[in-house]
Q: 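One structure, as structure tokens, below. Some questions next.
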Amino acid sequence: MTPPAAATCPGIIIEGLTLRFGERTIFEGLNLEITGGQFVALLGTSGVGKSSLLKIVAGLSKPSAGTVRASDGRPLQGRIAYMGQTDLLYPWLTVQQNVMLGTRLRGEKPDVERAMHLLKRVGLAERAKALPMELSGGMKQRTAIARTLYENRPIVLMDEPFSALDTFTRARIQELAAELLVDRTALLITHDPFEACRLGHHLVALAGHPAVLGAPILVPGQPPRAPDDPHLLETQGHLMRVLTELETE
Amino acid sequence: MTPPAAATCPGIIIEGLTLRFGERTIFEGLNLEITGGQFVALLGTSGVGKSSLLKIVAGLSKPSAGTVRASDGRPLQGRIAYMGQTDLLYPWLTVQQNVMLGTRLRGEKPDVERAMHLLKRVGLAERAKALPMELSGGMKQRTAIARTLYENRPIVLMDEPFSALDTFTRARIQELAAELLVDRTALLITHDPFEACRLGHHLVALAGHPAVLGAPILVPGQPPRAPDDPHLLETQGHLMRVLTELETE
Amino acid sequence: MTRQTLGKIFRPIVTLVVLILVWWAITAFTSLPPYMLPSPVTVAQALVAQQQTLVWATATTFSEIILGLAAGTILGMALALAMVFSPILQRWLMPLLLLSQAIPVFALAPLLVLWFGFGMASKVVMAVLVIFFPVTASFFDGLRRVEIGWLDLARTMNASPWAMLRHVRLFAALPAFGSGLRVATAIAPIGAIIGEWVGSSAGLGYVMMNANARIQTDVMFAALTILSVMAIVLWVIVDRVLKRILYWAPDTIAAP
Amino acid sequence: MTRQTLGKIFRPIVTLVVLILVWWAITAFTSLPPYMLPSPVTVAQALVAQQQTLVWATATTFSEIILGLAAGTILGMALALAMVFSPILQRWLMPLLLLSQAIPVFALAPLLVLWFGFGMASKVVMAVLVIFFPVTASFFDGLRRVEIGWLDLARTMNASPWAMLRHVRLFAALPAFGSGLRVATAIAPIGAIIGEWVGSSAGLGYVMMNANARIQTDVMFAALTILSVMAIVLWVIVDRVLKRILYWAPDTIAAP
Amino acid sequence: DQKMTILLDWFVNPDHAPILAAEYSGAFKRHGLDVTIIAPADPSLPPRQIAAGQADLALTYQPQLYLMADEGLPVVRVGTLINKPLNVLASIDGSGIKTMADFKGKKIGYSVAGLDDSVVDTMLEHAGVSPKDVTLVNVNFALVTALTSHQVDGVIGAYRNFEVNELKDMGKTPVVFIPEDYGVPADDELVLIANKKEAHDPKIAAFLEAMQEGAAYLQAHPDEMWAAFIKQHPDLNNKLNKTAWYQTLPYFAKDPFTLDQKRYTDYEQFMLDHKLIKTKPALADYAIELKAP
Ligand SMILES: Nc1ncnc2c1ncn2[C@@H]1O[C@H](COP(=O)(O)OP(=O)(O)OP(=O)(O)O)[C@@H](O)[C@H]1O
Ligand SMILES: Nc1ncnc2c1ncn2[C@@H]1O[C@H](COP(=O)(O)OP(=O)(O)OP(=O)(O)O)[C@@H](O)[C@H]1O
Ligand SMILES: [Mg+2]
Ligand SMILES: [Mg+2]
């Protein structure tokens, strides 16, 4: 479980990214550089193109134009852990097997201990043998989080990973994520400004038709920030203003 | 689109409700009375049994013991609009057809105007002819909300209806819901204490193993409350304390 | 006409041509005697020589196939729907359906002929017997394995069992139904041929049986070629139509 | 043994008994001559009288069914997998598979006997030809209509195409495969019977054709009864096994 | 012992008695032969298998010989099992058929196994009925059922020693028309064919000789042979087969070697006249007479 050294976690460079579905342009000419080892939160109104952007970065769909590459010049593929907006659990696998899916798919030896440790941290140790259909919505989401963290990859992409969790569970799992993803390059989509400010080194907003990326907002201090961190509250206020401006433009 | 008069919206009486899955007791002996025309927000940690409770009230699953009935003695069935935790859109229907699903299923004349009005209010008027697979996560959820509101039923049950929406869209749709559900009996599951305080006449928390319902917390004033309503902030603080207590018990 | 549509039209033709070339190569370069497998050239000659007979036989068999497929599909759907509606019916119907599949033609033939005579009817009935089962089995499987949430939702909307079937189960079962229909389409030609086996005085099966008995292998293969082309064309049509109907159930084959 | 398991065992038996009673009623109360449909009593007598022949024939046909079903399922799966792996292969294979379904037995028989001789092999090959297609078609359909998200996720996890197939597509296609296997199981007995058409001198199909040719309707129906029971028992077994394997794909039939 | 395979024309039945008798009486063994008998379900299969060298001998019908020669199958007749025709056009009392002329506007069922449709045409023409006025229906192997259920008014391909008895057994009165009476030349009902390459192999002659001994033994001990037959084929133990067993005895060729040249050339002319074959083959092309060793 030792994370790769900060130096080994590549940054992500997004250049001129454009996405169109037929006539509709979702976003156009997006540029963004995420420094290796940084945690970036991506915000934006519903339907603006956040998930689409994340999928392109993950290599799961092709942009209409533009490129995404790693800062170290090596291919991104194979170094990304991706968590989609829906849980995407395999219904025929137990919770534990779902968590260890990566090793299973790569034909590696599954690390049961690590999986059980993660399940414990997300509060599902007792349900390790349950099937997804026996879980509540939030439990499914936590399983998916555990699966993503189990992957132990230098780059982590997460699409609204905590949306189905209550305040307390959410806070706990945010801390877990921050702990395990320290020095990883992470891009996280969230609708919760508080969450964004708590976890991110930088915040980026996607807005408009076609959508463009706002200038990254720096959050001072190191994540995860305590809920009452003054930086946090300050940045949250700033963020809300920025978002409100974008919204009313 | 005229809502039924307040008097015609029945309350819900839950008595001695118990749910077990095999050996595991989810909740036991729940009692709750929701006055007709009231908006009740249900909170609780992930996996505590909120969705299960809602499904039982909706008549979709059987409790191990206990009863749910309408305060006016008539059957509940047929008077409930239910929105599940997942969007449950039919992939072969367009957004608009999904919204008008109820009338289609009952063989009634679909009310296109009403559907389009609702779609406009949730910001999807332009995508009325799109298929669910062409929508973003939040757009799917908004379609499901429109579908639930289209039903125009005296009792409305909603399971985390706004979880995939950004702050602004969420606020707008909360207002829409509050407007259309005025004088309806509504039970809403949410993880967002702010949302609960904004929309609910009463707040109820489900907590513990097996879970029990806490005493309903009254939120003064009429929903939807303005975001800076002093009652709101006060109750939110109170609610957080209650939840924290339950959590740490 | 775009390049793509052109490709779609040409591809089956290219496939056919290549298959015929392979066939020709087999007859030319192996020692298989012509009375086992005649060369495509001989068969083409027979095709021309027997033109008249074959055109008429093709028309007959084609109508049997179409009628059998239509009736078989309708019957198959009806049976599946009946079984979904009533689990009791299912318990009694299923063994009967299995019986209908296990009984060989020659055992059924006398009864069929007694009831339906030697005309078109007995052949269509026979074809239907062969065709309906894949449709029933697949459709039934599809109907009963529907996302529970969809049914739950429909239930809260006061959908009658009928509306539930018509608007939810039916659509949800379409992909499975498609599988069954594809199988049914593929075996429809043999269904018609089996029908002609029962008793006939026309049709490609009749021509084939006659030619077979007279060791006119070329004529038999001429009829067989027509039958095969018919089978492939029919299947391609059904496949395309199904893909169009199932626009909402995307095919993921391009990215294995 | 719980009441439920008892019910599960008794239900098929009750079904069989009722079917036999219906059969008896038909022969007793309609004017159907015995050489069309003999009464169950006559058939039971033939069953006893021909015991020896029938036991041996049953053993033969049973092994053909099992071999045919096993080989057919394996071939069916292999072909479906091959087509999933290579769209080019699919384009060339599909017409061949359709051909294999459109060619009647009597046209194939000489070639089969030539290649596989008069023994068990040619019969099993024939049975396989009948059985494999529903498996291929349904499985292939299931394999290609997989939730895209599952595939996407696996892709980010560096799954090889093989792992993707083995751990994702395969499981996701199991319900569809089940449909196909159910159809294959239902037609497996007729597959074996058709196999016996090809240079046969043993098996229930042989006994039946023989009896049919000799108008020994009672013997034919005795063999038919055995075949039917075999078909139903086989189907029930496969159905139960499939339901067990598909524990994660719930059946919603109880709540239509 | 020398291994041999013989393909019957169809399922085992009393028509095959001499071959079976040779087996039961040990005649094959005495001639150093170990014979495997295979009964196919489709009568058109054996000639092809002989042509392909998959068996040593096969039973077929004389008219088939011309078709095979016409199609270039390398097979020749080497012996005869039944040297008289068995085929009849049968009807039953109550179908309104008394003479051949009554078939005008009626349906006749036949099995596509042979040339029965041409035979019917010849018979009809001989009786002054245009074949166009009669519908021929392929009823496959359900001749008797088709007739008794009145789906057809007559059937061709019924055998004198079998289906005719069967109709009687069912309480019907058969009305029988013999093809030879209506301009169809007589033929050998069942003949043995071998691959041209193998025809002069001594084991073929040995087989014929053993079969001849079998036939002789059968004529002398029909009861014993019947008992042996039903012991081997208990499923065939019924009245119908028993009647056929005894009724067929006079039809078996006493000398399987003999080739009645005139009968073969006459039939060849018949085939040619009816355009059933395209060319006139030489007799030696399709039938030879072997010397008994
Ligand atoms: N079919 C089932 N079989 C067994 N256990 C089940 C089943 N369905 C739900 N449960 C269990 O019931 C409990 C309550 O689930 P429920 O979905 O009601 O939770 P919830 O309060 O809605 O949680 P969340 O906020 O995560 O949606 C969970 O522990 C879940 O594992
Ligand atoms: N397959 C598709 N075909 C057509 N349009 C699509 C398709 N997939 C996505 N879109 C459109 O692209 C836009 C962006 O979708 P995306 O899922 O990226 O939004 P998002 O920012 O993640 O929204 P949310 O917060 O609601 O999840 C939406 O307008 C959606 O309708
Ligand atoms: Mg999204
Ligand atoms: Mg829930």
Side-chain angles (χ1 to χ4, degrees), chain A residues 21-22 24 26 43-53 55 84-87 122-124 126-127 130 134-143 159-160 162-173 189-194 196 205-207 209 227 236 239-240 243-244 246-248, chain B residues 21-22 24 26 43-53 55 84-87 122-124 126-127 130 134-143 159-160 162-173 189-194 196 205-207 209 227 236 239-240 243-244 246-248:
Chain A
F21 287 110
R24 297 174 46 246
I26 307 301
L43 294 103
T45 50
S46 169
V48 79
K50 303 180 295 300
S51 299
S52 305
L53 175 60
K55 272 195 186 166
Q85 196 163 358
T86 53
D87 55 66
V122 300
L124 287 173
E126 288 163 34
R127 309 306 313 274
E134 297 165 334
L135 301 183
S136 79
M139 288 162 124
K140 283 183 198 161
Q141 198 171 45
R142 283 181 275 156
T143 309
D159 198 345
E160 305 186 26
F162 314 121
S163 62
L165 303 180
D166 62 286
T167 324
F168 299 100
T169 314
R170 185 186 289 223
R172 223 171 29 236
I173 297 191
I189 296 177
T190 178
H191 284 313
D192 184 349
F194 180 74
L206 190 64
H209 292 281
Q236 191 180 349
L239 176 63
M240 286 311 285
L243 289 174
T244 314
L246 286 171
E247 177 65 10
T248 49
Chain B
F21 287 110
R24 297 174 46 247
I26 306 300
L43 295 104
T45 51
S46 168
V48 78
K50 302 179 298 298
S51 299
S52 305
L53 175 60
K55 272 195 184 164
Q85 196 163 359
T86 52
D87 56 66
V122 300
L124 286 173
E126 287 164 34
R127 310 305 313 274
E134 297 167 333
L135 300 184
S136 78
M139 288 163 122
K140 284 184 198 159
Q141 199 171 45
R142 283 181 275 156
T143 310
D159 199 345
E160 306 185 27
F162 313 120
S163 62
L165 302 180
D166 63 285
T167 324
F168 300 100
T169 315
R170 184 184 291 221
R172 226 173 27 238
I173 297 193
I189 297 177
T190 177
H191 284 313
D192 183 349
F194 180 76
L206 189 64
H209 292 282
Q236 191 181 351
L239 176 63
M240 286 310 284
L243 290 174
T244 315
L246 287 170
E247 178 64 9
T248 49

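All chains are named by letter (A, B, ...) in the order of the sequence lines, taking the proteins before the strands, and each is independently numbered beginning at 1.
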Q: Is there a donor-acceptor contact under 3.5 Å linking the side chains of A/S51 and A/D159?
A: yes
Q: Under a 4.5 Å cut-off applied to non-hydrogen side-chain atoms, are B/I26 and B/R24 in contact?
A: yes
Q: Could you tell me which of B/T169, B/T45, B/V48 has the largest number of non-hydrogen atom pairs under 4.5 Å with chain A?
A: B/T45
Q: Identify the residue among A/I189, A/L246, A/L239 that makes a side chain to side chain contact (heavy atoms under 4.5 Å, CB included) with A/L43.
A: A/L239
Q: Can you check whether anything in residues 135-143 of chain A gets within less than 4.5 Å of chain B, heavy-atom wise, and list it by number?
A: A/S136, A/G137, A/G138, A/M139, A/R142
Q: Does any heavy atom of chain B fall under 4.5 Å from the side chain of A/R127, the backbone, both, or neither of them?
A: side chain
Q: Under a 4.5 Å heavy-atom cutoff, which of B/G49, B/A164, B/S52, B/P193 has the most pairs with chain A?
A: B/A164
Q: Starting at CE of B/M240, measure out to CZ of A/F168 and round the result to the nearest 0.5 Å.
A: 4.5 Å
Q: Working to the nearest 0.5 angstrom, can you tell me the gap between B/F194 CZ and A/T167 OG1?
A: 13.0 Å
Q: Would you name the heavy atoms of B/D192 and B/T190 that are closest together and state the gap between them?
A: N-OG1, 2.9 Å
Q: Counting N and O atoms only, with roles assigned by atom type, does the side chain of B/K50 sit under 3.5 Å from a partner on the main chain of B/G44, one being a donor and the other an acceptor?
A: yes
Q: Between B/D166 (side chain only) and A/H191 (backbone N and O only), is there a donor and an acceptor less than 3.5 Å apart?
A: no
Q: Would you mind checking which part of B/L243 comes under 4.5 Å of any heavy atom in chain A, side chain (CB onward), backbone (N, CA, C, O), both or neither?
A: both
